[in-house]
Amino acid sequence: MKIATWNVNSIRTRQDHVLTWLKSQDIDVLCLQETKVVDESFPRSPFEELGYHLYISGQKAYNGVAIFSRQPLEWVNGGFTPILEPDQVGEFDAQKRAIAGVIDNICIVNLYIPNGSCVGSEKYEYKLEWLALLRDYLDKMLAQFPDLCVCGDFNIAPEDRDIHDPKKRETHIMSSDAEREALRAIADLGLADAFRQFTQDGGHYSWWDYRAGSFPRNRGWRIDHHYLSASLYKRAIACTIDREPRTRPKPSDHAPVILEIE
DNA sequence: ATGGCGACAGGATGTCGA
């Protein structure tokens, strides 16, 4: 089974990119982030005609997540509630950043983790609070679903080898100590980065800034991940970044990442 | 050292992204 994750930066703008890519691949489950559209306006039919079942949680202009699956999902839930109590979640489900579903006893959690803007900003504090809530949510999910795949746009580069230039990384969003520690606390629940099971060297990125020719110079960041519970980690046979869609005209700034499990 | 690009809402330009 192949489970892919892709921040498409608007599904309406990237509809043809995603269709072309799905036709060229053999993807069972595709997790999308930054769909940027309310559910009523999501372009469902072209993907349904390809044979996918769609599960979407969107909002106007910002954020938004979706799961496309060849097989129907057996259990679907958007946001942190009701896994976490409404009192604990508060307003954190207002931004549509999480959707989960189960297929073949594998629970797939699709995340669009907040960007955080600048280290020390209000949005940065929101990101850290969101990550703390995510930890509690995943703790409960792991108890319920031992075969857990947590994937999406994490907006965190876990290590210096995941950044083209780690200088000043401590003061840069996506690589500060507090962000990495929050991600480590999540991994410590029993989740591991699938990509690093297969590839040790640097230079592999999933996001490149639109500006300053970042992509042709390969000045990127690896911020899109699959974190797997122990049982699934053992079943992983490949995890690769497909740079091809990023080379096309008017691309998303992210490339898709594909996990294969047996 | 700095700025650079792109999508969205709405109808110019500000906000957000990473």
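Letters A, B, ... mirror the listed sequences (proteins, then strands); counts begin at 1. When reading the values below, keep in mind they use all heavy atoms of this one structure, side chains included, and skip hydrogens, waters and symmetry mates.
Nucleotides B:dA7 and B:dG3 have their P atoms positioned 22 Å apart, rounded to a whole Å.
Nucleic acid contact class of A:R219 (heavy atoms, under 4.0 Å, all strands): none. Residue A:D224 is classed as having no contact, given no heavy-atom separation below 4.0 Å to the nucleic acid. If you check every strand for non-hydrogen atoms under 4.0 Å, A:A212 touches a base.
Counting only heavy atoms from C-beta on, A:Y62 has its side chain closest to B:dT15 among B:dT15, B:dG17, B:dC5. The side chain of A:K36 has B:dA7 as its nearest neighbour among B:dA9, B:dG17, B:dA7. Distances from the side chain of A:Y112 to the nucleotides B:dG17, B:dT15, B:dG3 place B:dG17 closest.
Between A:T13 and B:dC8, a side-chain N or O to OP1/OP2 separation shorter than 4.0 Å is present. For A:R14 and B:dA7, the shortest distance from a side-chain N or O to OP1 or OP2 is below 4.0 Å. Taking 4.0 angstrom as the limit, A:K250 places a side-chain polar atom (N or O) nearer than this to OP1 or OP2 of B:dA7. Contact annotation: A:K123 side-chain N/O to B:dC16 OP1/OP2 distance is under 4.0 Å. Between A:S10 and the phosphate of B:dC8, there is a side-chain N or O to OP1/OP2 separation shorter than 4.0 Å.
The only option from A:H204, A:R196, A:H225, A:R169 that meets the side chain to side chain donor-acceptor pair (under 3.5 Å) definition with A:D162 turns out to be A:R196. Residue A:N7 is tested with A:R14, A:Q33, A:E34 for a side chain to side chain donor-acceptor pair (under 3.5 Å); the sole match is A:E34.
Using bins of under 30°, 30° to 60° and over 60° for the plane-to-plane angle, the ring pair A:Y205/A:H164 lands in the perpendicular bin. By the 30° and 60° cut-offs, the orientation of the rings of A:Y227 relative to A:F154 is tilted.
Judged by closest nucleotide on DNA chain B, A:R12 is the one of A:R12 and A:P114 placed further toward the 5' end. Comparing A:N9 and A:S117 by the nucleotide of DNA chain B whose heavy atom lies nearest to each, the residue mapping closer to the 5' end is A:N9.
A side-chain N or O of A:W21 and one of A:D242 form a donor-acceptor pair less than 3.5 Å apart.
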